[in-house]
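For reference, the structure is listed below as structure tokens.
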Protein chains: 2
Amino acid sequence: MSAESTRQEIVKAADRLFYERGFEATSFADIAAAVRLSRGNFYYHFKTKNDILDAVIALRLANTGRMLEAWESATDDPAERIRSFIRILVMNRAKILLYGCPVGSLCNELAKLHHAAKDDATSLFTLFRDWLARQFSALGREAESDALAMHVLMRSQGVAILATAFGDDDFIDREVEEMCAWLEAQRPAADHS
Amino acid sequence: MSAESTRQEIVKAADRLFYERGFEATSFADIAAAVRLSRGNFYYHFKTKNDILDAVIALRLANTGRMLEAWESATDDPAERIRSFIRILVMNRAKILLYGCPVGSLCNELAKLHHAAKDDATSLFTLFRDWLARQFSALGREAESDALAMHVLMRSQGVAILATAFGDDDFIDREVEEMCAWLEAQRPAADHS
DNA sequence: GACTTTGTCGGACATTCGTCCTACAACGCT
DNA sequence: AGCGTTGTAGGACGAATGTCCGACAAAGTC
């Protein structure tokens with residue numbers, strides 16, 4: 001097995017475990033067991049736990065970037081693109097009910113730990129934020145595009161938190177529907193000048 | 001010092017530390033140091049870490065209950081009562097920017113840990129949820145009162161998460177204002193029958 | 001066929017974790 | 001004055017933590 005592919009296996013396993021258990025609660029031994037490597041051997045691939053965290057964030061940034069590009073290629077309609085984002089809540093409902101949002105929970109944990117990588121984790125949000133803002137601009141809401149993007153982000157975070165806390169499946173559907181209705185209402189008023 | 005007052009000191013310190021650092025990341029030694037007690041002596045007051053968590057949740061339930069009663073005594077206007085809830089985001093902005101929402105982050109962490117006390121933590125949300133639902137009922141929205149309560153809860157959770165991630169002070173103000181505007185729009189349509 | 005490189009293994013390390021016990025100081029009661 | 005209760009101190013316990021090292025198998029290079 002090449003070093004690079006082993007490294008990727010480690011990062012993939014760490015990505016999953018950091019999401020499911022949290023960063024602090026996941027030990028070297030847990031990740032090692034997940035990829036069936038000896039615990040000590042980790043030192044060869046990653047010097048510290050923070051190095052793994054950096055690699056996981058980099059992986060998520062790359063994956064998120066690809067996902068956003070795919071949504072952008074799928075349609076020219078900005079509203080439909082935004083709906084693609086909103087539908088994450090439905091697509092990933094099973095995992096969200098158990099573990100919440102990977103980005104939100106990581107940012108929250110790193111904030112509490114005053115962790116150096118907190119800003120890197122936040123940049124995952126920034127990726128979504130800027131992409132959503134571009135879609136709202138394309139929708140003709142240039143002036144408020146960033147505020148609208150933050151609003152969409154805010155709603156999906158809130159839905160994820162409550163869905164996890166209550167384990168409520170239907171709540172997700174209701175709020176997603178309401179979010180889509182809100183989105184339709186955001187189309188700019190027709191210009192009668 | 002009586003055992004009871006020492007116990008309360010411990011629970012108060014644990015409450016703060018669980019909020020600021022998270023449950024898992026807070027050790028017996030941390031709490032002991034905060035109340036200037038020897039680490040080993042904890043066994044006299046609390047047999048296990050879970051016992052402390054239970055006591056912290058009980059304390060939060062009691063404090064939250066008192067807060068809701070105070071809001072209910074302060075005014076007869078249900079909308080103004082709901083605004084009292086929304087204003088938590090402004091009142092506690094400093095701590096929220098650093099650590100997020102105490103309830104949301106605790107529920108999320110306990111969910112990831114598959115912790116037995118997760119449902120107890122969720123009952124903190126339930127307290128707010130039922131109280132908010134009663135206010136919406138009093139506002140004349142009986143049929144949708146629970147959904148509206150969940151919507152308010154969802155928004156405040158989302159605002160807390162993003163405010164923490166971005167450290168954005170103004171974002172809180174903007175979303176609180178928008179939430180109040182949304183609330184005004186929730187008054188039932190006048191009955192013309 | 002000797003030599004270097006690459007990736008893995010098993011375990012050592014100091015520390016910290018949650019848990020638990022024993023010894024003792026301070027106090028109220030008789 | 002002697003006694004029992006109550007609360008604290010200090011430290012022991014095994015397990016687990018993140019970090020790190022030396023030995024070694026497999027593969028490629030000369």
Side-chain angles (χ1 to χ4, degrees), chain A residues 1-58 106 109-110 112-118 120-121, chain B residues 1-58 106 109-110 112-118 120-121:
Chain A
M1 188 72 80
S2 79
E4 185 52 32
S5 70
T6 303
R7 201 190 134 96
Q8 283 174 8
E9 285 297 308
I10 292 174
V11 176
K12 249 175 56 184
D15 181 24
R16 184 175 58 82
L17 288 171
F18 286 174
Y19 175 34
E20 294 179 357
R21 307 187 188 180
F23 171 69
E24 182 87 354
T26 302
S27 69
F28 269 53
D30 292 333
I31 310 173
V35 294
R36 270 192 265 278
L37 276 182
S38 79
R39 188 178 68 266
N41 187 28
F42 257 88
Y43 189 66
Y44 180 80
H45 297 280
F46 293 96
K47 297 298 179 192
T48 73
K49 199 179 176 184
N50 290 344
D51 289 345
I52 303 187
L53 178 58
D54 291 341
V56 166
I57 293 176
L106 182 64
E109 187 179 357
L110 297 184
K112 282 179 197 285
L113 298 173
H114 301 292
H115 197 288
K118 185 231 172 189
D120 294 332
Chain B
M1 190 70 82
S2 80
E4 185 50 34
S5 70
T6 303
R7 201 190 134 95
Q8 283 174 8
E9 283 299 306
I10 292 175
V11 175
K12 249 175 56 185
D15 181 24
R16 184 176 58 83
L17 288 171
F18 286 174
Y19 175 33
E20 293 178 359
R21 306 186 188 180
F23 170 70
E24 183 87 353
T26 301
S27 70
F28 268 54
D30 292 332
I31 309 174
V35 294
R36 268 192 267 280
L37 275 182
S38 78
R39 186 179 70 267
N41 187 27
F42 257 89
Y43 189 67
Y44 181 80
H45 297 280
F46 293 96
K47 297 299 177 192
T48 73
K49 199 180 177 183
N50 290 344
D51 290 343
I52 303 188
L53 178 59
D54 291 341
V56 166
I57 293 176
L106 182 64
E109 187 178 356
L110 296 183
K112 282 179 196 285
L113 297 173
H114 301 294
H115 197 287
K118 186 231 170 189
D120 295 331

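Numbered from 1 within each chain, the chains take letters A, B, ... in sequence-line order.
If you measure from atom CD1 of A/I52 to atom C1' of D/dC20, you get 14 Å, rounded to the nearest angstrom. Distance CD (A/E9) to P (C/dG7): 15 Å, rounded to an integer number of Å. Straight-line distance from the CG atom of B/L37 to the P atom of D/dT6: 18 Å, rounded to whole Å. The distance between atom CG of A/L17 and atom P of D/dG18, rounded to the nearest whole Å, is 12 Å. Distance, A/H45 NE2 to D/dT19 P: 16 Å, rounded to whole Å. In this structure, the CZ atom of B/F46 is 13 Å from the P atom of D/dG7, given to the nearest Å. Spacing between atom OH of A/Y44 and atom P of C/dC9 amounts to 13 Å, rounded to whole angstrom units.
Atom CG of residue B/L106 and atom CG of residue B/D120 lie 10.0 Å apart, to the nearest 0.5 angstrom.
The two residues B/G22 and A/K112 make their nearest non-hydrogen contact at N-CD, 3.9 Å. Of all heavy-atom pairs spanning B/A121 and B/L110, the tightest one is CB-CD1, 3.8 Å. Scanning all heavy atoms of the two residues, the minimum distance from B/E24 to A/E24 falls at CG-CG, 4.5 Å.
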**Request:** Summarise how protein sits on nucleotides 15-26 of chain C as a single string, 5' to 3': B when a protein heavy atom is under 4.0 Å from the base, S for sugar-phosphate-only contact, - for no contact.
**Result:** --SSBBB-----
